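From a predicted model like this one, the values you see are computed outputs, not experimental measurements. By convention in this document, chain letters (A, B, ...) are assigned in the order of the sequence lines, proteins followed by strands, and residues within each chain are numbered from 1.
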Protein chains: 2
Amino acid sequence: MSAHIFVVEDEKPILTLLTYNLQKEGYKVSSSSNGEEALSSIKEKKPDLVLLDWMLPDLSGIKICQYLKQDEKVKNIPIIMLTAKGEEEDKVKGLNTGAEDYMTKPFSFPELLARIKSLLKRVKPNIVSEEATYLDLKIDRESMKVFRKEKEITLGPKEYKLLDFLIKQPKRVYSREQLLEHVWGDDINVESRTVDVHITRLRQSINIEGAKPLIRTVRSAGYSLEN
Amino acid sequence: MSAHIFVVEDEKPILTLLTYNLQKEGYKVSSSSNGEEALSSIKEKKPDLVLLDWMLPDLSGIKICQYLKQDEKVKNIPIIMLTAKGEEEDKVKGLNTGAEDYMTKPFSFPELLARIKSLLKRVKPNIVSEEATYLDLKIDRESMKVFRKEKEITLGPKEYKLLDFLIKQPKRVYSREQLLEHVWGDDINVESRTVDVHITRLRQSINIEGAKPLIRTVRSAGYSLEN
DNA sequence: TAAATATTTAACAAATCTGTAACATTACTC
DNA sequence: GAGTAATGTTACAGATTTGTTAAATATTTA
């Protein structure tokens, strides 16, 4: 499962280069060149790592960093700051704000890549905890049990896996292809419509009398765990 | 049973903060800001985990780590290194020395906590008590006897080992591969279906008239001790 | 509103997984 | 060394899960 990197950078050439190279390495890349937009995008998408340019037209990188590190839901996403030469003194400030690493422009891509890998290695493993909840739905990965409103629910293996995956990032919409890749496995040959069927089965399983439905269909896009 | 964490840190504010937060989480905390002292203290007290600052006035963290990892009696205590920014290159060296994890200062406490928990979970199961029970099932490791409802049960060696392992974390689901690794031993070459057969035998052995079955099958995943 | 497009769901056959008996082999015991 | 116990493998029946299809619904578009 490849990591998702969010790049905040307003210099087009640099952004293009970064995106191209990171994708070539197999990372999923999203980006924004606008501070405000980046902030909300990151909170919504919950990437695995953020590359954050120091100098943005509307909102400084340090502010973004501050906001992110104050938000319980995203504070654990590691941030690598990209600072230009003259801003060296601010580094300390930046690091105190909570950025996990920084690099000075112009930087070498291999070095950046090394830092990214090292950070991801450290952070990725503990993102998956033994228990996950979304509203009144709970999954206990240790005993592999699922509960809705404290009541145990039995799921088939695929449904369990599907839910296990969806609950990692509630509200995030996944395409059928993404679900196939992550839940089924990449080499497997399965029709994408099959996902529909399993979603239906999962829906039926986790559905409880008098509770909201928990899986949203986004037409022509995919599904998400949400109500 | 709460874990005992030993903190080696010479920066007072950080030490205070760590101690306070860890205690709030229910851990027992000891500490030292002095390398030599820490070393002997750890050997004497045998904490469940060590938080080790990289930079100490008298003895570098890496040295302490080395000494601890060379000592048969304490080498199994997990160590989390706390490194400051400038020492990045040493990280590799630190990890090679045998530290189980490291974090770069400034670090987020929730993340540290997550790492601590994950490490303790990995290490704690190995700390076995003389007696373990799950519901009406009791295993006495000293005499190697097993009881169900006060009545002694005879198990074959493999069945005993299997139960011995399963009862360490009741309800946790283990895959056949995990069971093979822990109960049989890693180098051994045994079909994973063999586990099934031994589970069946164990079931038959611990089964008693009018009592619940105690081993759960989780389809396509494995088995757990549970009813 | 009809046509086009997309999703839900039931039904069913195929595939997968598990439990256990039977047997072969190995390891122990006396 | 014969006899006994423990272990691992295999085969097969039964149970469960899965993928596919097709028809029924729902939603969007023209």
Go through the steps for A/Glu159 and A/Val146 under the test side-chain contact (heavy atoms from CB on, under 4.5 Å), then give the verdict.
-> CA-CA 11 Å; A/Glu159 281 125 67; A/Val146 175; over 6 Å; no

Separation of [N] [atom2] from [X] [atom1] (nearest whole Å):
X	N	atom1	atom2	value
B/Leu179	C/dT18	CG	P	12 Å
B/Leu202	C/dT20	CG	C1'	15 Å
A/Ile199	D/dT20	CD1	C1'	17 Å
A/Arg203	C/dA10	CZ	P	13 Å
A/Asp196	D/dA26	CG	C1'	13 Å
A/Lys158	C/dT16	NZ	C1'	10 Å
A/Asn189	D/dT18	CG	P	18 Å

Per [X] side chain, nearest of listed nucleotides [options]:
X	options	value
B/Val197	D/dT18, D/dA26, C/dA21	C/dA21
B/Arg219	C/dG19, D/dA15, C/dA6	D/dA15
B/His198	D/dG8, C/dT7, C/dT8	D/dG8
B/Glu191	C/dT18, C/dT8, D/dT10	D/dT10

Can B/Arg141 and B/Glu130 be counted as an ion pair, charged N to O under 4.0 angstrom?
-> no

With respect to the phosphate group of [N], does any side-chain polar atom (N or O) of [X] fall under 4.0 Å of OP1 or OP2?
X	N	answer
A/Thr217	C/dT8	yes
B/Tyr223	C/dG19	yes
B/Trp184	D/dT7	no
B/Thr200	C/dG19	no

Look at all strands and tell whether [X] reaches a base, only sugar-phosphate, or nothing, counting heavy atoms closer than 4.0 Å.
X	result
A/Tyr160	nothing
A/Thr194	base
B/Arg201	base

Short question: side chain of [X], backbone of [Y] - any donor-acceptor pair under 3.5 Å?
X	Y	value
B/Arg216	B/Glu226	no
A/Arg203	A/Ile215	yes
A/Lys168	A/Leu163	no

The helix from C/dT1-D/dA30 to C/dC30-D/dG1: angle between end helix axes, five pairs per end, rounded to 10 degrees =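 Inter-axis angle at the termini of the helix from C/dT1-D/dA30 to C/dC30-D/dG1: 30°.
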
Run the side-chain contact (heavy atoms from CB on, under 4.5 Å) check on B/Val74 and B/Val50 step by step: do they pass?
-> CA-CA 11 Å; B/Val74 293; B/Val50 175; over 6 Å; no

Between B/Glu159 and A/Leu155, who's closer to the 5' end of DNA chain D by nearest nucleotide?
->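 Upstream on the strand: B/Glu159.
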
Is a donor-acceptor pair below 3.5 Å formed from side chain B/Arg193 to base C/dG19, judging by atom type as modelled?
->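 Such a pair is found, so the answer is yes.
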
Most 5' of B/Gln204 and B/Gly222 on DNA chain C, judged by nearest nucleotide =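 Residue closer to the 5' terminus by nearest nucleotide: B/Gly222.
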
Is the B/Trp184 ring parallel, tilted or perpendicular to the B/His198 ring (thresholds 30°, 60°)?
-> perpendicular

Starting from the C-alpha separation in whole Å, work towards a yes-or-no answer on side-chain contact (heavy atoms from CB on, under 4.5 Å) for A/His4 and A/Arg172.
-> CA-CA 13 Å; A/His4 178 196; A/Arg172 175 169 181 158; 3.7 Å; yes

